[in-house]
Every structure is written in structure tokens, then in C-alpha cells.
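Computed from heavy atoms alone, side chains included, the values below leave out hydrogens, waters and symmetry copies. As the structure lists them, so they are numbered: ligands from 1, and atoms in each ligand from 1.
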Amino acid sequence: MNDDLRALDARLRRFHALDKIGSLLAWDQQVCMPPGGAAERGTQSGLIAGLAHAELTHAETGELLRRLKGSPEPLVEWAEREHERRRKLPAQLVEDLAEHASVAHGVWADARRRSDFKAFLPALEKMVDLKRRQADALAPGGDPYDAWLDEFEPGMATAELDRLFADLKAGLVPLVKAAAAKADAVDDACLRGRFEPARQRAFAAEVARAMGFDFRRGREDLAVHPFCTSLAIDDVRITARYAEDDAVGGLFGVMHEAGHGLYEQGVDPALEGTPLARGATMAVHESQSRLWENMVGRGRGFWKTFYPRFQDVFPGFRDVPAETFYRAINKAEPSHIRVEADELTYGLHVLLRFELERALLSGKLQPRDLPAAWNEKMKSYLGLTPPDDGRGVLQDVHWAEGLFGYFPTYAVGNMIAAQLFAAAVKARPEIPGRIESGDLSVLLAWLRENVHRHGRRMLADPLVRRATGGPIAAGPYLDYLKKKYGELYRL
Ligand code: ZN
């Protein structure tokens with residue numbers, strides 16, 4: 001390592017440590033902090049975020065990057081991208097965005113509760129205006145949506161997303177319609193009842209352990225919104241919630257977050273302490289959570305071993321045949337709320353948001369016309385009309401916080417999950433049989449080798465090409481859905 005690289009490495013390690021301190025403050029806020037701590041915590045988090053930002057935008061960082069230009073070191077590539085992005089944004093705009101996000105969040109929460117879009121409109125208009133200015137500053141000349149997308153999925157262009165989503169839409173819309181027409185084919189009544197949360201939690205921990213989540217290097221706590229955060233490769237925290245009237249919602253939440261957690265625990269220890277010691281991009285991260293939650297957890301094979309265990313924990317299921325249970329946990333039907341949507345219809349919720357975001361950014365759609373545009377697309381894609389804006393255009397927090405460009409990563413994550421799972425089974429054909437016998441280690445070993453250990457050394461596209469032999473594509477995901485739901489709904 002030469003002197004310039006060593007100096008850059010030291011600065012990036014300070015950035016990374018500050019970033020992780022910020023993560024700890026956020027974890028504490030959602031898991032332990034009494035409500036009274038909120039105001040001071042805002043100040044504390046802001047201070048840490050500012051210090052981290054300063055390490056990256058520091059003149060010395062810029063000078064070191066100039067001297068290291070052309071270096072193939074992944075750390076230099078990462079720092080160049082981050083430095084460039086942050087440098088292009090006027091400090092005033094960054095501050096205005098952060099400040100307005102916290103104001104708009106409060107306005108949105110209140111407006112959603114009262115289902116009052118008009119109350120949110122002025123805050124939304126201001127946010128869209130600020131985000132348009134941000135896009136202008138970041139991507140003069142190119143597709144302005146690239147700037148929004150780049151914040152969450154660096155390396156992916158909007159043009160590529162257009163192609164992926166066109167394929168997804170063409171495959172998904174008819175499939176969802178066909179399954180909706182046969183909604184009665186699947187009955188999920190067995191999942192309703194009373195299921196003691198402590199028992200759910202113990203069973204979920206057993207499953208997380210079987211997946212390979214290491215509780216000596218991680219932990220699980222309760223939180224209102226489940227999430228995963230990594231403070232170090234050997235300190236990965238997941239959170240969960242368990243509802244008494246939902247037999248499996250808590251479990252699938254844990255499988256999802258443990259999927260994120262396994263990724264973070266599996267990063268090459270040589271990267272520890274640097275910004276490369278985390279998941280590659282949002283979409284790749286989401287591919288890991290969805291793979292475990294859906295392709296494993298909602299698969300028939302997994303329950304061969306785990307259903308008898310589940311029946312021990314909840315004896316009411318002794319009268320429910322495994323096949324009835326399998327069908328119930330895969331019931332798919334168009335619904336209003338994205339976060340409650342099933343695996344089949346989920347992609348259409350994302351597609352709708354992506355299309356509306358692009359129209360907003362281009363000016364083709366004005367914020368005041370958003371509810372009408374939302375409802376029209378819901379009708380066209382899912383055949384539903386939201387009963388009110390609270391269960392329609394106001395349901396997600398993202399736009400209030402300025403997180404435009406975030407939603408697409410969820411759908412791309414699903415596509416990558418299907419590609420990786422297919423590639424894993426092709427490379428190790430014994431994986432489905434091992435899953436049936438309760439041994440999830442062969443699948444994990446393949447993911448460790450092909451995804452986890454690389455951390456942020458690569459972005460999504462090279463990572464997927466290397467692991468699967470092809471570019472990110474919607475085909476394998478659509479094939480997976482057609483096969484699974486074709487059988488479930490006898491299409
Ligand atoms: Zn996730």
C-alpha cells in the first residue's frame with residue numbers, strides 16, 4: 001500500500017467508524033430509547049452525520065483521490081463515487097433537504113392518519129422541488145432519474161431499469177389477473193387465531209440459527225418496524241415484531257432480516273473497518289432477504305423439516321395438513337398496501353411508484369394530481385381502487401423523507417434473488433434436497449462464496465454476472481413466479 005492509499009484508507013476508516021456510530025444511535029432510537037430522548041437524539045445523529053460527511057468531502061480526500069486516479073483498488077473506486085456525489089451538492093441544498101425531510105415526515109404522519117392528502121400537499125411540493133434541484137445538480141445532461149436512482153443503486157442506469165420493468169410488467173400483469181380470477185383456489189384460514197408471541201419468537205430464533213445467523217456475532221430485538229443494521233461484521237443486529245393474531249408474519253420478518261444479517265456477517269473480515277465492509281448495493285441486499293424469506297421460507301421443501309417443529313410449537317396445526325399450510329402461506333391476491341403485499345403482486349406496487357416518480361421528476365405529473373394518477377394505476381395493475389388516500393398515495397414514508405429512487409431496488413432485489421437461487425441450485429444440485437432435510441448450509445456456503453464475502457468490492461451488475469453468468473434480468477424471477485403460482489392457482 002503506498003502512502004496516498006494509506007492516508008486515504010485512514011480517512012475512510014474514520015468515516016466508516018462515524019457512520020457506524022450513527023447506526024448505533026439509530027438502532028438505539030428504535031429499540032431502547034424512551035420517547036423523551038427524541039429531540040436530543042436528533043442533534044446527536046445530525047452531528048455524527050456531519051462529521052462523517054466531512055471526512056469524505058475534505059479537501060485532503062479530494063487531493064488524495066486526484067493522486068490515486070485510475071487506481072483499480074475497490075476502496076478508491078468507492079471513495080471516488082461518494083466524494084464526487086457529495087461534492088456536487090451545494091451544502092445549502094443538503095441542509096435544506098435534511099431539514100425538510102424531518103418536517104415533512106411529521107406532516108405526512110399526521111396527514112396519513114387523517115387520510116388528508118391536501119394537508120400533505122404543500123410539504124410534498126416543496127420536497128419534489130428540492131429533489132428536482134438535487135437531480136439537476138447531480139446529473140446535468142443525463143436522465144435526471146439517474147441521480148435519484150444512484151443514491152440507492154449506484155451503477156444502475158434508468159434506461160436499464162426501464163428495460164427490466166417493461167419485462168416485469170409484461171409478465172406480471174396477466175399473471176396477477178389470472179390468479180385473482182381464481183382467488184378461491186387458496187384458503188389461508190388456518191393462519192388466523194391466537195399465537196403466543198413468545199413462542200413465535202423462540203421458533204423464529206430456531207429458524208434464524210438454522211439459516212446460519214450467528215447469535216454470538218449478532219442479536220435480535222423487538223422493534224415497531226423490523227430492520228437489520230450492522231455495527232461491525234461481528235456485531236449484526238436484526239429486529240422483529242410478533243403479532244398475536246398472525247401465525248407466520250413475525251417468522252417471515254425474521255427470515256427476511258436474518259437474510260440481510262447473514263450477508264453482513266459473511267463479509268470478508270479483511271474488509272473490516274473500511275466502508276467496503278457491507279452489502280454491495282440496496283438491490284443486492286434485498287436479494288438476500290427475499291431469497292431466504294420467499295424462495296426458502298415460502299418454499300415447500302423448507303417445511304418438510306420445519307412444519308413438524310412448527311406443529312410442536314403450535315399444536316393447533318396438528319390438524320392442518322402440510323400442503324394446506326404451504327398453500328396458505330403463499331396466498332396471493334391484489335391488495336392496497338405494499339408492505340403487506342404477497343410475493344406475486346409485490347412487483348406491481350413498485351412499478352406503479354417508479355412510474356409516478358419518473359412522471360413527477362419530468363414535470364409530466366404535478367404533485368397535486370398524484371392521488372388521481374395513483375388510483376388510476378392501482379385500478380389498471382391490481383384492479384383495485386383505494387378506499388381512501390391513507391391506504392393509497394399516502395401509505396409510504398419514502399416520499400415524505402425525500403427517498404425518491406428507493407422503491408425500484410426492492411423489485412430489482414427480487415429479480416436478483418431468483419437469478420442467484422437458480423444459479424446456486426445449478427452449481428450445487430443437492431441444495432433442494434438439503435433444504436428438505438433442514439440443512440441450509442450448502443445454500444449459505446454458495447451465497448458466502450459468490451455474494452457475501454465480496455462486500456462492496458463490486459456493484460450489483462458485475463457481482464450478478466460473476467455469480468450467475470449473465471446480467472440482471474427479469475426472466476428467472478418471472479419463470480419462478482409462473483411455475484410456483486401456476487401450480488398454486490392451477491393456471
Ligand atoms: Zn429488506
Donor-acceptor contacts, no H, no angles, side chain residues 19-27, under 3.5 Å, sequence neighbours left out:
unit_1: Asp19; atom_1: OD2; unit_2: Arg278; atom_2: NH1; d: 2.9
unit_1: Lys20; atom_1: NZ; unit_2: Ser230; atom_2: O; d: 2.8
unit_1: Ser23; atom_1: OG; unit_2: Asp19; atom_2: O; d: 3.2

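- With hydrogens and angles ignored, the 3.5 Å screen pairs a side-chain donor or acceptor of Thr239 with a backbone N or O of Phe227.
- Side-chain contact between Val186 and Asn330: absent, with no pair of heavy atoms (C-beta onward) separated by less than 4.5 Å.
- Across Arg217 and Ile233, no two heavy atoms sit closer than the pair NH2-O, 3.4 Å.
- For residues 144-169, the ring pair (Phe, Tyr, Trp, His ring centres under 6.0 Å) pairs, not counting sequence neighbours, are Tyr145-Trp148, Tyr145-Phe354, Trp148-Phe404, Phe152-Tyr406, Phe165-Phe354.
- Counting only protein N, O or S atoms, the number found under 2.8 Å from the Zn ion (ligand 1) is 3.
- Taking the ring-ring contact (aromatic ring centres under 6.0 Å, His included) definition, one finds that Phe15 meets it with Trp78, sequence neighbours left out.
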